[in-house]
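Working notes, beginning with the structure itself.
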2 protein chains.
Amino acid sequence: MRATKGRQAVLAALDEASDHPTAEDLLMRARKTDPALSLSSVYRILKEFHDRGMVRRHVFTQGRAVWELAQRALHAHLIDVHTGEIVELPEADLVRMYEAAAETLGYRLRDVRLELYGERIDRG
Amino acid sequence: MRATKGRQAVLAALDEASDHPTAEDLLMRARKTDPALSLSSVYRILKEFHDRGMVRRHVFTQGRAVWELAQRALHAHLIDVHTGEIVELPEADLVRMYEAAAETLGYRLRDVRLELYGERIDRG
DNA sequence: CTAAGTGCAAAGAGTTTGCAACAAT
DNA sequence: ATTGTTGCAAACTCTTTGCACTTAG
């Protein structure tokens, strides 16, 4: 895999992200490093990273995908059904249990996505 | 809500489904009851059912949405990363714990989606 | 009757792809 | 030099919408 400007820029944007960026978010952030970068390259780069297991891809109910570095610990996503805001909920303790459950069915676990959909209690 | 042929047909298709049908799957099945039904009506009907809390909508990594009756018990989805096949994994015991976790963060839980991505052990 | 619901075709959103130009090795 | 990578524009897939027609209540 060649060390191109685009790949370095997207990788840096992923590494710096503390939220859950879409491809377009990553494009805007990566352009600080590589101003000529295009959206189609971002998609191609993300697909390649994903194929190599470097990133996780999530599709929440809003329809567009969000991306995060696979090296981050597995965690649950709590999603506000009104605003789409995503809150993280660490759940490291549960992962072993999920692995066991999957194995019971004859599967090797590759990713866990626990998503809780809710609404803030203080605004009905 | 008027009891139209389309709505009855989609509801019956959802009720009979033991898998995770897409809008197009539901169209094909519902046409047994209402042969003139169109895909746009299926989407409108599903949107209305969803707004009324009658169905749950999931978007897995494949990009298209799948639908199920909300009256079904919450369960986890174990998804084969190679084939896209969806296996169900009941988890009723865990729901209370998730509700508590969400409430700790000030949210009222509306839906739980636990998705395990794996691959069959017997084929690498 | 008449508002709600529908089919059709066109529009939207997000993502992917063909191709000629370009750049990392 | 050579092969992988890119930007652009067009294509694609899934979903939504505008509009005139239809139908349930």
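Order of the sequence lines fixes the chain letters, A, B, ..., with proteins taken first and strands second; residue numbering starts at 1 for each chain.
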Between CZ on residue A:Arg52 and CE on residue A:Met1, distance to nearest 0.5 Å: 4.5 Å

Axis-to-axis angle across the helix from C:dC1-D:dG25 to C:dT25-D:dA1, five pairs each end, nearest 10 degrees, ~ 30°

B:His58 NE2 to D:dC14 P, in whole Å, measures 19 Å

In whole Å, what is the span from the OH atom of A:Tyr43 to the P atom of D:dA9? 17 Å

A:Glu24 atom CD: more than 12 heavy-atom contacts under 6.0 Å: no

Residue A:Glu103 excluded, over 12 heavy atoms near CD under 6.0 Å: no

Salt-bridge test for B:Arg29 and B:Asp19: reply yes if a basic N is under 4.0 Å from a carboxylate O, no otherwise. yes

Between B:Arg44 and B:Glu48, does any NZ, NE, NH1 or NH2 come within less than 4.0 Å of an OD or OE carboxylate oxygen? no

May I have the distance from A:Asp25 (atom CG) to C:dT15 (atom P), rounded to whole angstrom? 11 Å

When you measure from the side-chain N and O atoms of A:Ser38 to the phosphate of D:dT6, is any distance below 4.0 Å, counting only OP1 and OP2? no

Polar atoms only, N or O, under 3.5 Å: list the protein pairs with nucleotides 22-25 of chain D and their distances.
{"unit_1": "D:dT23", "atom_1": "O2", "unit_2": "B:Arg2", "atom_2": "NH1", "d": "3.3"}
{"unit_1": "D:dA24", "atom_1": "N3", "unit_2": "B:Arg2", "atom_2": "NH1", "d": "3.4"}
{"unit_1": "D:dG25", "atom_1": "OP1", "unit_2": "B:Ala3", "atom_2": "N", "d": "3.1"}

If each of A:Glu24 and A:Lys47 is mapped to the nucleotide of DNA chain C with the nearest heavy atom, which maps nearer the 5' terminus, i.e. the 5' end? A:Glu24

Value rounded to 0.5 Å, distance of CD in A:Gln8 from CG in A:Leu37: 11.5 Å

Does A:Arg7 place a side-chain N or O at less than 4.0 Å from the phosphate oxygens OP1/OP2 of D:dT5? yes

Nearest-0.5 Å distance that lies between atom CE in B:Met54 and atom CG in B:Leu14: 8.5 Å

So A:Arg44, base contact, sugar-phosphate only, or nothing? Heavy-atom distance under 4.0 Å. base

How close or far is atom C1' of C:dT25 from atom CD of A:Gln8, stated in whole angstroms? 14 Å

Atom pair distance, as rounded to whole Å: CG in A:Leu37 and P in D:dT5: 14 Å

Measure from CZ on B:Phe49 to P on D:dT15 and round the result to the nearest Å. 17 Å

Do A:Ser40 side-chain and D:dC8 base share a donor-acceptor contact under 3.5 Å? yes

Quick one: pull up CG in B:Leu27 and OG1 in B:Thr22 and give me the separation to the nearest 0.5 Å. 9.0 Å

Can you check the B:Leu27 CG to D:dC14 C1' distance for me, whole Å? 14 Å

Expressed in angstrom and rounded to an integer, what is the separation of A:Ile45 atom CD1 from C:dA24 atom C1'? 14 Å

Contact list for residues 4-52 of chain B, test ring-ring contact (aromatic ring centres under 6.0 Å, His included), sequence neighbours left out: B:His20-B:His77

